[in-house]
**Student:** 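Below are the structure tokens for one structure; questions will follow.
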Amino acid sequence: MSHEMKSMKEKLFQKYGTRCEVCGKEFRKSGLTGHHIIERCRGGKITEDNILLACYQCHFGVINNMKWGSKEYWELIRKSLEQRKPTS
């Protein structure tokens with residue numbers, strides 16, 4: 001993992017806590033990974049708006065099994081981002 005991604009994950013942990021933004025379960029930091037909403041190969045950057053914190057089960061078992069760019073994919077991303085709230 002790049003230094004840039006590690007820094008972004010830490011920023012997201014501090015701002016939003018350590019919940020998977022897909023399933024909502026609480027994890028230790030090591031139980032979450034950064035998911036590029038728009039893949040790097042498609043021009044996606046490591047920014048707060050393009051990285052979603054996801055547990056490994058949601059990242060590899062849910063998100064990566066969807067066709068990128070499908071209606072199902074974007075609906076999941078939309079719902080996940082709508083629930084994103086800064087921690088108190």
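For this chain, numbers begin at 1 and follow the sequence in order.
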**Student:** If you round to the nearest 0.5 Å, how far is NZ of K45 from CD of E4?
**Tutor:**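 Here the interatomic distance stands at 9.0 Å.
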
**Student:** Could you state the interatomic distance from NE2 (H59) to NE2 (H35), rounded to the nearest 0.5 Å?
**Tutor:** 6.5 Å

**Student:** Going through the checks in order, is the side chain to side chain donor-acceptor pair (under 3.5 Å) test met by Y16 and Q83?
**Tutor:** CA-CA 10 Å; Y16 301 114; Q83 295 177 43; over 6 Å; no

**Student:** Take K9 and K6 through the test side-chain contact (heavy atoms from CB on, under 4.5 Å) and record every step on the way to the result.
**Tutor:** CA-CA 5 Å; K9 281 179 59 178; K6 285 181 186 177; 5.8 Å; no

**Student:** Would the distance check show the side chain of N50 and the main-chain N or O of G44 forming a donor-acceptor pair, the cut-off being under 3.5 Å?
**Tutor:**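 Pair absent, no side-chain N/O of N50 close to backbone of G44.
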
**Student:** For the pair R84 and E21, find out whether any cationic side-chain nitrogen is under 4.0 Å from an anionic carboxylate oxygen.
**Tutor:**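 A salt bridge links R84 with E21.
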
**Student:** At their closest point, which heavy atom of A54 faces which heavy atom of I63, and how far apart are they?
**Tutor:**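 Heavy atoms only, the tightest pair is CB-CD1, 4.3 Å.
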
**Student:** Same cluster or not: are M66 and F60 linked, directly or through other Ile, Leu, Val, Met, Phe, Trp or Tyr residues, by side-chain heavy atoms under 4.5 angstrom apart?
**Tutor:**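 M66 and F60: separate clusters.
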
**Student:** On a heavy-atom basis, which atom in S2 and which in I46 lie closest, and how many Å separate them?
**Tutor:**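 Scanning both residues, the minimum pair turns out to be OG-CD1, 3.9 Å.
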
**Student:** Can you tell me how far the CG atom of L81 sits from the CD1 atom of I37, to the nearest 0.5 Å?
**Tutor:**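 So the CG of L81 and the CD1 of I37 are separated by 4.5 Å.
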
**Student:** L76 and E72: side-chain contact (heavy atoms from CB on, under 4.5 Å), yes or no, with the steps?
**Tutor:** CA-CA 6 Å; L76 177 70; E72 177 185 32; 6.0 Å; no

**Student:** Taking R19 for the side chain and K25 for the main chain, is one N or O donor matched with an acceptor at less than 3.5 Å?
**Tutor:**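 Side chain of R19 to backbone of K25, a donor-acceptor pair under 3.5 Å: no, none is there.
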
**Student:** Have a look at E82 and tell me which of K85, K79, R78 forms a salt bridge (Lys or Arg N to Asp or Glu O under 4.0 Å) with it.
**Tutor:** R78

**Student:** What heavy-atom pair brings I38 and W74 nearest, and what distance separates the two atoms?
**Tutor:** CG1-CH2, 4.0 Å

**Student:** As an exercise, state the distance from SG of C20 to CG of L32, rounded to the nearest 0.5 Å.
**Tutor:** 6.5 Å

**Student:** Between Q57 and V62, is a side-chain contact (heavy atoms from CB on, under 4.5 Å) present by the stated rule, with each step listed?
**Tutor:** CA-CA 7 Å; Q57 182 175 359; V62 177; 5.6 Å; no

**Student:** With no hydrogens and no angle check, is any side-chain donor or acceptor of T18 less than 3.5 Å from a backbone partner on E26?
**Tutor:**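 Not a single qualifying donor-acceptor pair exists.
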
**Student:** Look up atom NZ in K11 and atom OG1 in T47, then write down how far apart they are to the nearest 0.5 Å.
**Tutor:** 8.5 Å

**Student:** Run the salt-bridge test on K71 and E75 with the 4.0 Å N-O cut-off and return the result as yes or no.
**Tutor:**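 No salt bridge links K71 with E75.
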
**Student:** Any idea which heavy atoms bring Y73 and H36 closest together, and the distance?
**Tutor:**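 Heavy atoms of Y73 and H36 come nearest at OH-O, 3.6 Å.
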
**Student:** Please determine whether residues V22 and Y56 belong to a single hydrophobic cluster, defined as Ile, Leu, Val, Met, Phe, Trp and Tyr linked transitively by side-chain heavy-atom distances below 4.5 Å.
**Tutor:**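 As far as the 4.5 Å side-chain criterion goes, Y56 and V22 are not connected within one cluster.
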
